[in-house]
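Accompanying notes for the structure given below.
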4 protein chains.
Amino acid sequence: MSQSVSTRDKLISAAVKVFSEKGFFNTKVSDIVKEAGVAQGTFYIYFRSKEEIFLRITELVEGLIDETIERYRRSKENIREVIYSFAEEVFYTLDRFKEVSYIFFFQLLCMQDELKEKYINIHRKFVQFYRELLSEYENNHILADMIVGFGEKLFKFDVLIEGREIKDVIDEFKSGIDIILRGIR
Amino acid sequence: MSQSVSTRDKLISAAVKVFSEKGFFNTKVSDIVKEAGVAQGTFYIYFRSKEEIFLRITELVEGLIDETIERYRRSKENIREVIYSFAEEVFYTLDRFKEVSYIFFFQLLCMQDELKEKYINIHRKFVQFYRELLSEYENNHILADMIVGFGEKLFKFDVLIEGREIKDVIDEFKSGIDIILRGIR
Amino acid sequence: MSQSVSTRDKLISAAVKVFSEKGFFNTKVSDIVKEAGVAQGTFYIYFRSKEEIFLRITELVEGLIDETIERYRRSKENIREVIYSFAEEVFYTLDRFKEVSYIFFFQLLCMQDELKEKYINIHRKFVQFYRELLSEYENNHILADMIVGFGEKLFKFDVLIEGREIKDVIDEFKSGIDIILRGIR
Amino acid sequence: MSQSVSTRDKLISAAVKVFSEKGFFNTKVSDIVKEAGVAQGTFYIYFRSKEEIFLRITELVEGLIDETIERYRRSKENIREVIYSFAEEVFYTLDRFKEVSYIFFFQLLCMQDELKEKYINIHRKFVQFYRELLSEYENNHILADMIVGFGEKLFKFDVLIEGREIKDVIDEFKSGIDIILRGIR
DNA sequence: TATGAATGAGACTTCATTCAT
DNA sequence: AATGAATGAAGTCTCATTCAT
């Protein structure tokens with residue numbers, strides 16, 4: 001049984017690698033099994049289809065982010081401090097699972113229906129989180145949009161594409177937050 | 001000849017429609033020709049492949065944005081005014097070609113090599129534009145990242161996904177710019 | 001267009017040949033297209049699946065028999081004469097399309113649902129036809145069952161399997177009818 | 001060892017059930033083992049292949065019929081009585097093993113070579129049996145064909161498909177025999 | 001130019017069978 | 001004997017592209 005878990009995991013890891021390199025549509029199931037070192041048929045013991053394994057992978061990121069947002073939602077500390085720690089945690093987490101995050105951020109939006117919706121939902125949750133957090137400020141909607149756009153840009157482009165150090169990016173994000181909040185009552 | 005131009009245009013329009021609805025990979029050449037009302041073989045008189053027509057379409061947005069950025073690069077007016085007009089023009093232009101923009105913003109990042117690079121280049125140009133524009137400010141890099149992330153978020157999610165009115169979005173963007181620049185020297 | 005009809009017909013003929021030789025389940029689409037001398041993909045221009053072309057073929061026999069039964073149903077001649085001509089016509093028709101008949105009689109009963117039902121329906125129609133025809137006789141139900149069983153046996157085994165001459169078989173059938181009807185009121 | 005016999009029997013019973021429900025070709029070995037409640041690999045301890053277990057099952061019917069025919073072949077009673085008892089026994093036997101009979105009558109004819117031959121041989125044996133039995137009658141060949149066709153029709157359609165009571169069917173068969181023999185010298 | 005039938009490479013998926021435990 | 005994960009051959013079907021008309 002631990003054998004079978006291990007095969008499933010080999011497939012997931014292989015799929016993460018291949019999907020993040022070639023994208024969902026350019027990936028063949030044969031690429032995944034080759035990478036995993038198992039036979040073609042083995043794939044279908046664990047996953048009904050290429051779509052399903054992809055779904056499972058995106059759910060990993062979804063789960064990580066969801067959980068983090070929920071945890072910080074109840075936080076009662078100083079707002080800036082909350083944003084700092086929250087962002088730090090999210091950035092670090094996504095960075096630790098870079099390839100999976102890559103798939104989530106780059107492969108979902110070009111898909112249809114529920115898959116694309118997955119991305120949109122996470123996006124909305126981020127926005128909602130900041131709106132609530134900043135609810136006592138004027139223009140909290142605008143602030144939330146700015147922060148989310150800023151953060152997303154930093155992770156997607158600076159980290160995932162340009163390969164910037166996550167520490168530097170987090171520092172920049174914090175500085176940005178300071179700038180945004182500085183002029184605010 | 002005007003006849004043939006018209007067929008090519010029919011194909012481009014049809015492709016824009018179908019690509020924006022189903023995405024590049026889920027679109028069949030047969031979908032495009034059906035939508036265009038021409039025969040399957042006709043497609044290949046005008047385009048070498050499905051990739052090529054897709055490329056041509058993305059170049060439309062690329063061109064529009066490129067041109068606008070170049071034009072504003074030499075602008076010598078008051079910085080805030082430049083940002084205002086520039087953003088207004090970019091937002092309105094993209095909004096006018098919503099479907100093409102949709103393809104550009106949602107279909108490119110999941111692709112490989114040059115196609116993905118197209119998106120990245122435009123992104124970099126935006127960042128570079130704002131860096132230069134704000135070069136006399138402290139933290140101009142951070143400001144540029146914030147503005148670009150904010151703007152991109154607004155267009156992709158609020159306009160293209162949520163269907164918000166472009167006028168409202170532009171207003172929000174301007175307010176955001178004010179907030180960002182308020183506390184800055 | 002006559003070209004395309006011809007390709008469809010080539011496929012039908014090839015499928016009839018191969019199905020009757022190897023049976024439905026042992027037939028691959030690749031066998032059919034090889035026999036028809038067309039490319040694999042061509043098959044799917046004309047038929048959605050192996051099931052569909054099979055269905056079309058069985059409908060040919062179904063149609064032939066249906067039509068003949070309906071035509072004789074209204075016949076007002078002497079009963080024995082009606083049976084004679086009806087049987088003659090059915091036997092000759094099925095014999096002329098031996099391979100298709102073979103498929104109908106040997107491939108349908110091992111299938112599921114509607115396909116098997118096709119065979120059963122035809123069987124029922126034969127029985128019903130003879131019941132009505134013999135309605136003025138005592139035991140017409142039994143007579144109908146005997147005649148249908150007898151006829152079916154003759155065609156399936158003596159003609160299709162043993163390869164007996166259709167003329168001889170028809171003669172035997174008529175003699176059988178005489179025997180059955182001889183002792184009857 | 002009694003343990004292992006039991007596993008083999010479980011497999012046979014399961015296979016009979018599944019084959020009669022879905023047909024040979026639509027049955028997967030995994031269906032059989034699931035029904036039998038044993039592991040996939042266990043199947044191959046007892047049977048070399050899916051074909052083999054199928055063969056074993058058809059041999060059951062074959063054996064039953066063979067044995068009955070042989071037993072009645074030496075019978076010296078009154079012909080009508082022989083036919084009556086013989087038919088009664090065959091009908092009851094097949095009815096008792098309905099599912100196996102179902103497989104025999106509906107699954108063999110669509111197969112190739114020896115399997116199909118099995119059905120044909122039994123058919124021929126029936127015909128031969130009646131020919132011999134009726135050898136002193138004129139037209140004994142025709143009578144034999146009629147009786148066999150009639151009986152086969154009754155069992156396959158009326159019993160196996162329409163679900164008629166075996167007792168009623170046997171009565172009808174006997175009446176039919178009376179009709180057939182009535183007019184005969 | 002325009003057509004649309006034909007092509008065939010290549011992807012997905014199934015499932016009978018094997019084999020290490 | 002029993003297990004069930006793993007195998008991989010084989011089959012179905014899709015679809016971008018070609019080509020004769």
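All values reported here derive from a predicted model rather than from experimental measurement. Here is how names work: the chains are called A, B, and so on, in the same order as the sequence lines, proteins then strands, and each is numbered from 1. All heavy atoms count here, side chains included; hydrogens, waters and symmetry mates do not.
Rounded to whole angstrom, the span from the CG atom of A:Asp9 across to the C1' atom of F:dA5 amounts to 15 Å. The interatomic distance linking B:Leu11 (CG) with F:dA16 (P) rounds to 14 Å, in whole Å. Taking atom CD of residue D:Glu52 and atom C1' of nucleotide E:dT17, one finds them 14 Å apart after rounding to whole Å. Atom P of nucleotide E:dT1 and atom CZ of B:Phe47 are separated by 12 Å, given to the nearest angstrom. Here F:dT7 presents its C1' atom at 12 Å from OH of A:Tyr46, a figure rounded to the nearest Å. Computed from coordinates, the A:Lys34 NZ to F:dG8 P distance equals 14 Å when rounded to whole Å. At whole-Å resolution of the value, CD1 in C:Ile32 and C1' in F:dT12 are 12 Å apart. Atom CZ of D:Arg48 and atom C1' of E:dA16 are 15 Å apart (whole Å).
Heavy-atom distances to DNA chain F give each of A:Phe43 and B:Ser49 a nearest nucleotide, and the one nearer the 5′ end belongs to A:Phe43. Along DNA chain E, the nucleotide closest to D:Glu51 and the one closest to B:Gly41 are compared, and the more 5′ of them pairs with B:Gly41. Across the interface with DNA chain F, nearest-nucleotide mapping of D:Gly37 and C:Thr42 shows D:Gly37 to be the residue nearer the 5′ end.
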Watson-Crick and G-U pairing of DNA chain F, under 3.5 Å, as dot-bracket with | and [ ]:
.||||||||||||||||||||
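The aromatic rings of B:Phe105 and B:Tyr119 sit perpendicular, their planes meeting at an angle over 60°, well past the 30° parallel limit. In this pair, D:Phe47 and D:Phe43 present their aromatic rings tilted. The plane angle is within the 30 to 60° band.
In terms of heavy-atom proximity, B:Thr58 sits nearest to B:Leu108 at CG2-CD2, 3.9 Å. Residues D:Ala39 and D:Val33 share a closest heavy-atom pair of O-CG1, 3.8 Å. The minimum heavy-atom distance linking C:Met111 with C:Gln107 is given by the pair CG-O, 3.1 Å.
A salt bridge (charged side-chain N to carboxylate O under 4.0 Å, His left out) check over residues 106-117 of chain A, counting only residues at least two apart or in different chains, returns the pairs A:Glu117-A:Arg124.
Distances shown here put every side-chain N or O of D:Tyr44 at or beyond 4.0 Å from the OP1 or OP2 atom of E:dT18. For F:dA5, the OP1/OP2 oxygens have no side-chain nitrogen or oxygen of A:Thr7 closer than 4.0 Å.
Within residues 17-31 of chain B, the residues that place at least one heavy atom under 4.0 Å from DNA chain F are, in residue-number order, B:Thr27, B:Lys28, B:Val29.
Of the candidate nucleotides E:dA5, E:dT1, F:dA16, E:dT1 has the atom nearest to the side chain of B:Ile45. In this structure, the nucleotide among F:dT3, E:dA2, E:dA5 sitting nearest to the side chain of D:Ala39 is F:dT3. Nearest to the side chain of C:Gln40, among F:dT12, F:dA2, E:dC12, sits F:dT12.
Two residues are said to be in side-chain contact when any heavy atoms from C-beta on lie closer than 4.5 Å; D:Cys110 and D:Phe25 meet this criterion.
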Apply salt bridge (Lys or Arg N to Asp or Glu O under 4.0 Å) to the pair B:Lys118 and B:Glu62, showing each step before the final yes or no.
CA-CA 8 Å; B:Lys118 267 188 149 34; B:Glu62 212 185 9; 3.2 Å; yes
Would you check, one step at a time, whether the test side-chain contact (heavy atoms from CB on, under 4.5 Å) holds for D:Leu115 with D:Phe24?
CA-CA 12 Å; D:Leu115 262 338; D:Phe24 175 76; over 6 Å; no
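Among the candidates C:Ile32, C:Ile57, C:Thr7, the single residue satisfying the side-chain contact (heavy atoms from CB on, under 4.5 Å) test with C:Ile12 is C:Ile57.
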